[in-house]
Amino acid sequence: MAGRGIAGIRRLWPRTGGAWALVVLGVLTFLALDVLTLWGSGLALDLLIFLSGMLAGLAVSRLATYPFRRRSGGSGLGRTVGLFAGLASVFAIVFGGTALAGIPPYPTAEGGNAGTMIYGLALGFLVGVPGGLVRAEDRPRPPLPGSNLKVVAVVFGTVAALFGLLFALFLLIEFVAVPLIRTLAA
């Protein structure tokens, strides 16, 4: 019995270098957000809650769709059904979760951490359900592994550049515009 459990855990480990890089990047992201949250950053806390909800939603959606993987053949119908099931689950999670939490169904300051977690969970389901309904054998394989690495690098570079620009804009507004407005208003 113990041998089967270890073999099952080994199947969950990443098999390629790119998959290991993604795991390490995810762990480092959560570690950085944890450190920033401990230093008192509200934005880092909100991102940590959102990403935790998204990761939980992705895991639960993959587990929930596991029995249906064998039934959805290699046709595009399984992907289409998965997309609509993912969209339906997003609406069910957002409206059901906000009703249970007693907060408005649209993102407001009243939602707080519960609203952030609900929206993260919904996005995790939206990402996980369509991919969870398609068998691994039926997923299209990328033609060139090097081109995927370039695309990932461009996407991460663009996201990092946008975050950098937004952070610079925040600093500019916080430390230049706000004191200037307060001085002129007084």
Inset, instruction - Please name the pair of heavy atoms, one in Gly128 and one in Arg62, separated by the smallest distance, quoted to 0.1 Å. - result: O-NE, 3.2 Å

Legend entry - Within one Ile-Leu-Val-Met-Phe-Trp-Tyr cluster: Ile49 and Leu47, side-chain cutoff 4.5 Å: no

Inset, instruction - Give me the other members of the hydrophobic cluster that Val178 sits in, counting Ile, Leu, Val, Met, Phe, Trp and Tyr linked by side-chain heavy atoms under 4.5 Å, directly or via other members. - result: Leu169, Ile173

Do any side-chain atoms of residues 25-44 form donor-acceptor pairs under 3.5 angstrom with protein atoms, and if so which ones, sequence neighbours left out?
{"from": "Thr29", "atom 1": "OG1", "to": "Leu25", "atom 2": "O", "distance (Å)": "2.7"}
{"from": "Thr37", "atom 1": "OG1", "to": "Leu33", "atom 2": "O", "distance (Å)": "2.7"}
{"from": "Thr37", "atom 1": "OG1", "to": "Leu45", "atom 2": "N", "distance (Å)": "3.4"}
{"from": "Ser41", "atom 1": "OG", "to": "Ala44", "atom 2": "N", "distance (Å)": "3.2"}

Inset, instruction - Check side chain to side chain contact (heavy atoms under 4.5 Å, CB included) between Thr16 and all other residues, then give those that pass, not counting sequence neighbours. - result: Ala19

Inset, instruction - Nearest 0.5 Å please: distance from the CE atom of Met117 over to the CG atom of Leu48. - result: 9.5 Å

Legend entry - Contacts of type side chain to side chain contact (heavy atoms under 4.5 Å, CB included), residue Ile93, not counting sequence neighbours: Ile118, Leu121, Ala122, Phe125

Inset, instruction - Please check if Phe167 and Phe175 belong to a single hydrophobic cluster, counting links between Ile, Leu, Val, Met, Phe, Trp and Tyr side chain heavy atoms closer than 4.5 Å. - result: yes

Legend entry - Partner residues of Leu100 under the side chain to side chain contact (heavy atoms under 4.5 Å, CB included) criterion, sequence neighbours left out: none

Legend entry - Within-4.5 Å side-chain heavy-atom neighbours: Leu184 and Leu180: yes

Legend entry - All side chain to side chain contact (heavy atoms under 4.5 Å, CB included) counterparts of Leu172, not counting sequence neighbours: Val176

Inset, instruction - Establish whether Phe95 and Leu123 are linked, either directly or via other cluster members, by ILVMFWY side-chain heavy-atom contacts under 4.5 Å. - result: no

